[in-house]
Amino acid sequence: MHVLRAERRVFPGPAVFLGDDARRAGVTEYFADLTGSARAPELSGQSYGEMAAALVAAAADGPVDLLVLAFSIHDMWPGRATATYLSHVCPGTPLSFAVCDQGSAAPFTALRLVRDRAPRRALVVAVEQGGLPYDSTATPPREHRGVALLCGDDAGHRVTDLRQFPDVAPKAVPELAARTIADLSAGHDRVRLVLGEALSAVWPEDPDRVPAGQPLTGVWWRLADALAEPGGLVVVGEYDRELRYLCLVGIEVR
Amino acid sequence: MIPIVTALDAVSVYTPAVRVPIESLAEPLGLTDIQVRLFRRFHGLGEISLDPERSLADLLRAAIDGLGSLRGREHLVRYVVYGRAMPVVVPYPANPLHEVCREAGLGHALAFTVTHQSCAGGLLALESAGRLLEADPDPDALALVLTGEKAFTRDARLLPGTSIFGEGASAALVSTHGPRDRLLSFSCAQRGEFDTEFGESAERFQREYRPFLAEVIRDAVGAAGLALDDIALVLPHNVNVVTWQRLCLLMDFPVERVLLSNVPVNGHLFCSDAFANYATARERGLLREGDRYLVAAVGAGAGATFSAMVFQH
């Protein structure tokens, strides 16, 4: 499998659909039932349908066979089958679904599911938005951001290996990450690391830290920069502190 | 693109003991007497499980607890794939999937949810689990496929004029080498044009629903190298009885071979219908060795997903 291109966007404003009174009412009721709160929620976040549609339009250069939407924090249209909607707006009407409930591991799982299905063309769309309409222990992402990776069997940046380790205790992360990065790097003279916020914290040698605040899209945002610089191997890594997933993928840049 | 073998090794289904007749849902769902009577007499719905005291984690836990063949084999489970209709079911960052995995001794497994295909998500989870196992170098690796939902909000309680959701959950143990219930084919077609983004289309959807589903069923049967006559039993989604009666007329397939007996007692169990109907078929001895049977699911919310699988028992 190859990564053919990466497209990314910041979405500075709230979702357009929130301007529709009927949809706001429906979403308000959903969140009230979800939280059991009688207090009217403050609806100001983004919609993954709107974000991903823009990313799909930017990334899809022709018919796509498979689309996987990856997210951690939910969006502001909670009952929508967004991936099914995306299958209609994406060229090729691909089989589409979403992967979630896995924190920052979700985009890695999406890439893995794409690799296992070996489609001619696939899109992995990783999205996160910063609005939560209720009190939560979670810190929402700083910005509404998304990254789309167009993958396929054409010549591109080859995905050399993808490793996912569930249930890794924080103290075990440095050693396991070091060993895995060494494995993935074997045979490559030039290796660049793109490590997420949580992994950078336990990786003292990381010269190019991914800024904090975008726990799902941070590394994939930075990968788009890394792919623009030819040659060598890029290792993308992320650790989810809450769910204890360590994920790494090696990508050979053309 | 289908794995060589995806085998269902065992299935457990849980529905809460608290059962309510659909008449008692009239007020909370805003249904008129006529609408309730239509659901009972025309659509064949009767009662559902609905237990406000049991959380989503409780439902999933009960389904896993019922899977006796998991005992002692937890260490072999590499993947837990949760197929869910409703994309958002708990406030963030609560994560009942990982909560129950840890409790069940499955914290070492890669666990995630597949969603955004509404009630067709259970079949997608099963198919995805098969692909993960196929790519796994360990031939003894297992996957656990979970489904289960609470009827917690209006969208998760009622399909207006069509069906009423009940609560329940299922757990299925999947391998690449099991001798029983091997997956022969999977077909899936999505109709995102029915998303509300594109305006009101309820009438067109109702008109095209059965032809779409018939097409996907024929695709799955054809991909398995079979004809419809070869299908010994259909395990439907429990949307209602009349939809399947009419679909059978359209496909010229005997409705007696569609297991509809759970519609009046369960209502529509989101993604769990397929597994609940499988369990019933096994309990009643409706599947004989070598039988080829079809499982169908439709996810109809904002947009629609039509899926079908053919298995050999």
Side-chain angles (χ1 to χ4, degrees), chain A residues 17 23 26 29-35 48-49 53 68-69 71-75 77-90 93-103 105-106 109 112-113 115-119 132 134-138 140 164-167 242-245, chain B residues 1 3 78-80 82-98 101-102 106-118 120-121 124-125 128 131-132 134-135 152-157 188-198 299-305:
Chain A
F17 91 87
R23 288 198 174 131
E29 181 185 341
Y30 193 111
F31 281 125
D33 290 339
L34 185 77
T35 60
Y48 290 154
V68 186
L69 183 72
F71 64 90
S72 177
I73 188 170
H74 63 73
D75 78 336
W77 192 334
R80 188 185 200 187
T82 300
T84 297
Y85 156 73
L86 293 172
S87 77
H88 184 65
V89 300
C90 182
T93 319
L95 171 69
S96 302
F97 58 89
V99 171
C100 63
D101 292 348
Q102 205 185 25
T109 299
R112 183 175 179 159
L113 293 171
R115 182 192 64 184
D116 291 351
R117 288 167 189 265
L132 271 183
Y134 48 79
D135 293 336
S136 171
T137 57
Q164 291 181 286
F165 303 96
D167 200 24
E242 298 300 319
L243 300 178
R244 295 161 55 112
Y245 285 103
Chain B
M1 288 182 56
R78 301 276 193 281
Y79 312 99
V80 180
Y82 178 18
R84 197 173 64 221
M86 302 303 291
V88 182
V89 292
V90 289
Y92 185 81
N95 197 318
L97 169 63
H98 282 80
C101 282
R102 280 193 295 270
L106 300 171
H108 59 276
L110 188 82
F112 62 94
T113 294
V114 292
T115 186
H116 287 185
Q117 289 200 350
S118 301
L124 174 73
S128 298
R131 289 185 183 276
L132 287 163
E134 186 191 20
F152 73 97
T153 190
R154 186 175 173 81
D155 287 351
R157 301 189 77 179
C188 177
Q190 289 174 288
R191 305 287 172 166
E193 66 265 38
F194 291 117
D195 187 277
T196 54
E197 176 89 4
F198 307 110
T305 300

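In what follows, chains are A, B, ... by sequence order, proteins preceding strands, each numbered from 1. Remember, it's a predicted structure, so these values are computed and weren't measured experimentally.
For B/R84, the part sitting under 4.5 Å from any heavy atom of chain A is the side chain, from C-beta outward, and nothing else. A/P94 touches chain B through its backbone: at least one of N, CA, C or O sits under 4.5 Å from a heavy atom, while the side chain does not. Neither the backbone nor the side chain of A/R115 comes within contact range of chain B, judged by heavy atoms closer than 4.5 Å. Contact of B/H108 with chain A is made through the backbone alone, with heavy-atom distances under 4.5 Å. Looking at B/A111, both its backbone and its side chain come within 4.5 Å of chain A, counting heavy atoms on both sides. Proximity to chain B involves both the backbone and the side chain of A/L34, based on heavy atoms less than 4.5 angstrom apart. Neither the backbone nor the side chain of A/F17 comes within contact range of chain B, judged by heavy atoms closer than 4.5 Å. Using a 4.5 Å cut-off between heavy atoms, B/A156 makes no contact with chain A at all. At a 4.5 Å heavy-atom cutoff, the contact between A/L113 and chain B is made by side-chain atoms alone. The parts of A/Y30 that come within reach of chain B are both its backbone and its side chain, each placing non-hydrogen atoms under 4.5 angstrom from that chain. Proximity to chain A (any heavy atom under 4.5 Å) is shown, for B/A189, by neither the backbone nor the side chain.
Among A/A105, A/A138, A/C100, A/A83, the residue with the largest count of heavy-atom pairs under 4.5 Å with chain B is A/C100. Across A/L95, A/D75, A/I73, the residue that shares the most heavy-atom pairs under 4.5 angstrom with chain B is A/I73. Annotation: maximal heavy-atom pairing with chain B below 4.5 Å, among A/P78, A/G103, A/A32, A/G79, occurs at A/P78. With chain A as partner, the option from B/P93, B/C188, B/A94 having the largest number of non-hydrogen pairs under 4.5 angstrom is B/P93. Interface check for chain B: of the options A/E29, A/E242, A/R112, the most heavy-atom pairs under 4.5 Å are formed by A/R112. Comparing B/T305, B/D155, B/L132, B/L97 by how many heavy-atom pairs each has under 4.5 Å with chain A, the most go to B/L132. The candidate from B/V89, B/T115, B/V114 with the greatest count of non-hydrogen atom pairs under 4.5 Å with chain A is B/T115. Taking chain A as the reference chain and counting heavy-atom pairs below 4.5 Å, the highest number among B/M86, B/H98, B/Q117 is found for B/H98. With chain B as partner, the option from A/L243, A/L86, A/T35 having the largest number of non-hydrogen pairs under 4.5 angstrom is A/L243. Taking chain A as the reference chain and counting heavy-atom pairs below 4.5 Å, the highest number among B/G303, B/A85, B/P87 is found for B/P87.
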Problem set entry | Chi angles and distances behind the salt bridge (Lys or Arg N to Asp or Glu O under 4.0 Å) call for A/R80, B/D195 | CA-CA 8 Å; A/R80 188 185 200 187; B/D195 187 277; 2.8 Å; yes
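To the nearest 0.5 Å, atom NE2 of residue A/H88 and atom CZ of residue B/F194 are 9.5 Å apart. Atoms SG and CG, from B/C101 and B/N95 in turn, are 8.5 Å apart once rounded to the nearest 0.5 Å.
Shown here for A/V89 and A/A53, the closest heavy-atom pair between the two residues is CG2-CB, 4.4 Å. When all heavy atoms are compared, the tightest approach of B/Q190 to A/T93 is O-CG2, 4.3 Å. In plain terms, the two heavy atoms of A/A81 and B/S118 that are nearest each other are CB-OG, 4.0 Å. The shortest non-hydrogen separation linking A/S87 to A/S96 is CB-OG, 3.2 Å.
Between A/D167 and A/R244, at least one side-chain N (NZ, or NE/NH1/NH2) sits under 4.0 Å from a carboxylate O, which counts as a salt bridge.
Residues B/E134 and A/D116 fail the side-chain proximity criterion, which asks for heavy atoms closer than 4.5 Å. Within the 4.5 Å cutoff, the side chain of B/F112 has no heavy atoms near those of the A/D101 side chain.
Side-chain contact annotation: A/S72 with A/Q102, donor-acceptor N/O pair under 3.5 Å absent.
Taking the ring centre of B/F152 as origin, the terminal cationic atom of B/R157 falls outside the region bounded by 6.0 Å and 45° from the ring axis.
Aromatic pair A/Y48/A/F71: centroids less than 6.0 angstrom apart.
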